[in-house]
Amino acid sequence: MADNGKTISELASGIKSGEITARAVVESSVAAAEKLNETLNAFLEIDRDGATKRAATIDSTSPLAGIPIAIKDNICVQGMQTSCGSRILGDYHPPYNATVIDRLLSAGAVVIGKTNCDEFAMGSSNENSAFGAVKNPWDTSRVPGGSSGGSAAAVAAGIVPVALGSDTGGSVRQPASLCGVVGLKPTYGRNSRYGLVAFASSLDQVGIFARTTEDVARVLEIIAGRDLHDATTADVPVPDYASQLSGDIKGARLGFPKALFGEGLDAEVRASVEAAVNVYRDLGAEIVEVELPHAQYSIAVYYIIATAEASSNLARFDGVRYGFRAEDAPELRQMYRKTREEGFGPEVKRRIMLGTYVLSAGYYDAYYRKAQQVRSLLKQDFQKAFERCDAIITPTSPTPAFLLGEKVDDPLAMYLNDVYTVTANLAGIPGLSVPCGLSAGRLPIGFQLLGGYWSEPTLFKLAHAYETAQPFTERPPVHAD
Amino acid sequence: MPITEVDVEKVAQLAHMEITPDELKIFAPQMADIVAYVEQLNALDTADVQPSLGGLTPEGETTDSAREDTTAPSLGQKTALAEAPDAASGHFRVPKVL
């Protein structure tokens with residue numbers, strides 16, 4: 001059907017005018033998900049019955065009336081599974097909705113399915129899912145990025161106009177870049193984490209994928225804001241993001257951290273992002289060189305803090321209250337150990353052990369405290385930079401999508417994929433990845449905009465200006481009809 | 001000091017995870033690599049730097065997250081037990097502790 005591949009605004013106006021029905025839109029989305037899943041493995045559950053039933057009861061005046069949406073399988077949706085891509089949760093069915101889901105449902109959105117991801121959101125390629133890797137719709141021999149690879153692939157392939165993921169170190173922005181869609185990691189405390197299965201609590205934020213900045217903005221204004229179930233949500237008003245997109249950006253100051261465009265950056269990615277910088281210059285933005293002297297330490301800081309928090313958060317998976325329990329363990333401690341041995345995959349085990357190590361007696365000051373100190377230095381870097389500019393532009397990922405299996409045996413090489421994205425999580429600032437072209441091998445490239453706390457409106461406006469000047473209209477070979 | 005197989009075994013025990021001899025052989029050098037990589041932070045003098053305490057923005061820090069101390073509906077016993085691998089008589093049943 002022709003509804004697939006459309007934006008929220010196109011679908012919403014069609015539904016409001018009666019030209020198409022919510023039911024037809026949702027059915028077409030579900031059919032595309034079912035058909036393309038054989039190729040992409042993007043969905044772990046597709047809820048045909050629930051989604052079509054719900055679509056029939058939608059009030060067409062709601063802001064997201066009848067908009068089909070896909071949700072990463074670490075965000076709780078009542079009536080559907082939440083596996084986190086892990087055997088230890090398997091077909092766990094949460095008894096409640098995440099706050100962001102309640103808000104989407106109140107706005108009329110229809111959840112069509114749960115998307116595949118790296119186990120407990122730990123990974124940059126989706127190969128750490130216990131249920132098989134997601135394939136990139138641009139080239140199915142390549143990774144879609146991770147950890148929210150299923151959500152990115154579902155949007156890129158035109159199955160849904162919008163999807164939610166979670167971003168702890170780049171898990172929305174990096175797959176968005178590798179799949180050629182827009183991806184947002186909001187300011188820490190912008191979105192509620194209630195019902196998002198915790199990985200690293202001081203870094204996790206629910207993020208949004210869409211094909212346009214406008215659609216990201218439309219969804220953010222629905223899901224953002226204070227939530228009494230999450231004490232880390234901030235009491236900061238939620239603006240009408242989507243109504244503030246247009247207007248010229250003449251005089252906007254765009255920070256260019258030259259040092260981050262050096263070693264390790266793929267030549268095509270560099271050329272493409274530098275071309276985007278030139279587009280901004282032509283649009284009247286002032287390009288300002290900025291320095292982030294501690295950015296080079298961000299991966300080291302991240303893999304101490306994120307693993308430490310993960311080792312604590314994942315202690316809850318013990319085979320007692322929910323999920324998988326190992327058999328043949330007649331004693332309690334033995335049951336814990338066997339359950340966790342059989343239930344977790346290798347990357348999760350590695351991170352739990354690293355986190356346990358850096359927090360263990362005698363090492364806490366040397367690793368964890370040190371990392372939190374360098375995190376402070378990184379925050380100061382950004383604070384200083386944002387005195388001189390309104391946003392900073394960087395690549396999102398150092399390379400386009402790599403081959404499945406290429407980095408799977410070298411965890412450290414895999415971690416270095418996140419070099420441009422982890423800084424935003426450590427500093428708590430928002431980051432937005434925007435597609436800016438294709439490589440010679442027809443793989444998407446994205447740039448990232450970083451801004452100060454609560455600067456989402458600025459990032460959206462800058463991204464929208466770029467999209468208007470340089471629309472990215474290419475479609476991947478694997479795409480809904 | 002590089003991480004050894006003995007360290008990894010000890011850490012697995014602290015984390016309540018069994019670890020197979022094969023896993024030990026894979027994990028020990030990988031973890032040693034990663035720890036050696038993060039030790040680059042030692043090059044920085046941070047004696048006078050306050051550690052960050054979490055991810056909150058200044059606005060998040062000043063947000064009052066206290067609520068009225070009143071009762072509110074909760075899951076209830078039946079729902080809370082519905083996903084348990086072994087629920088019995090309104091409780092979570094576990095293997096013997098001693």
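Here the structure is a predicted model, which means the values were calculated and not measured.
Summarising the geometry, atom CG belonging to B:D7 is positioned 5.5 Å from atom OH belonging to A:Y363; distances are rounded to the nearest 0.5 Å. The CG atom of A:L377 lies 9.5 Å from the CG atom of B:D45; values are rounded to the nearest 0.5 Å. Within the model, atoms OH of A:Y96 and CG of B:L75 stand 8.5 Å from one another, a figure rounded to the nearest 0.5 Å. Note: A:M353 CE to B:F27 CZ = 4.5 Å, rounded to the nearest 0.5 Å. Rounding to the nearest 0.5 angstrom, the gap separating the NE2 atom in B:H16 from the CG atom in A:L332 is 9.0 Å. For the atom pair CD (B:E59) and OH (A:Y453), the distance works out to 8.5 Å, reported to the nearest 0.5 Å.
When heavy atoms are compared at a cutoff of 4.5 Å, A:P346 approaches chain B by way of both its backbone and its side chain. Only the side chain of A:Y415 comes within less than 4.5 Å of a heavy atom in chain B; its backbone stays farther off. Of the atoms belonging to B:E61, not a single heavy atom falls under 4.5 Å from chain A. Heavy atoms of B:I19 lying under 4.5 Å from chain A belong to its backbone as well as its side chain. Only the side chain of B:Q30 comes within contact range of chain A, judged by heavy atoms closer than 4.5 Å. Contacts of B:L56 with chain A are made by both backbone and side-chain atoms, with heavy-atom separations under 4.5 Å.
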Apply side-chain contact (heavy atoms from CB on, under 4.5 Å) to B:T63 and A:T233, showing your working.
-> CA-CA 8 Å; B:T63 295; A:T233 51; over 6 Å; no
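Atom CZ of A:R316 has more than 12 neighbouring heavy atoms from other residues, nucleotides or ligands inside a 6.0 Å radius. With a 6.0 Å radius and a threshold of 12 heavy atoms from other residues, nucleotides or ligands, B:L53 has its CG atom at or below the threshold.
A:E331 places none of its side-chain heavy atoms less than 4.5 Å from the side chain of B:P95. Residues B:E18 and A:E342 form no side-chain contact, since every pair of their non-hydrogen atoms from C-beta on lies 4.5 Å or further apart. Annotation: side chain of B:M17 is in contact with side chain of A:I352 (closest heavy-atom distance under 4.5 Å). In this structure, B:Y37 and A:L416 have side chains that are in contact, with non-hydrogen atoms separated by less than 4.5 Å. Here the side chains of A:L354 and B:V35 are in contact, with some heavy-atom distance below 4.5 Å. A:Q373 has its side chain out of reach of B:L44: every pair of non-hydrogen atoms, C-beta onward, lies at least 4.5 Å apart.
With chain B as the partner, the residue from A:G189, A:G428, A:P330 showing the most heavy-atom pairs under 4.5 Å is A:P330. For chain B, the option among A:Q334, A:R369, A:K349 with the highest count of heavy-atom pairs below 4.5 Å is A:K349. Ranked by heavy-atom pairs under 4.5 Å with chain A, the list B:G60, B:A15, B:A12, B:A82 is led by B:A15. Comparing A:Q380, A:Q296, A:R226 by heavy-atom pairs within less than 4.5 Å of chain B, the highest count is held by A:R226. Comparing A:A329, A:A427, A:A315, A:A231 by heavy-atom pairs within less than 4.5 Å of chain B, the highest count is held by A:A231.
Across all non-hydrogen atoms, the minimal contact from B:S52 to A:K379 is OG-NZ, 3.4 Å. The two atoms that bring A:V374 and B:T46 nearest to each other are CG2-CG2, 4.1 Å, heavy atoms only. The shortest heavy-atom contact between A:V320 and B:F92 is O-CD2, 3.5 Å. Closest approach of A:S376 and B:P51 over heavy atoms only: OG-C, 3.5 Å. Taking every heavy atom of both residues into account, B:D86 and A:R325 meet most closely at CB-NH1, 3.5 Å. A:G319 and B:P85 get closest at one heavy-atom pair: O-CG, 3.3 Å.
Taking non-hydrogen atoms and a 4.5 Å limit, the residue list of residues 302-311 of chain A in contact with chain B, ordered by number, reads A:I304.
Counting only distance, with no hydrogens or angles, the side chain of B:E83 and the backbone of A:H93 share a donor-acceptor pair below 3.5 Å. No side-chain donor-acceptor contact under 3.5 Å links A:T356 to the backbone of B:V11.
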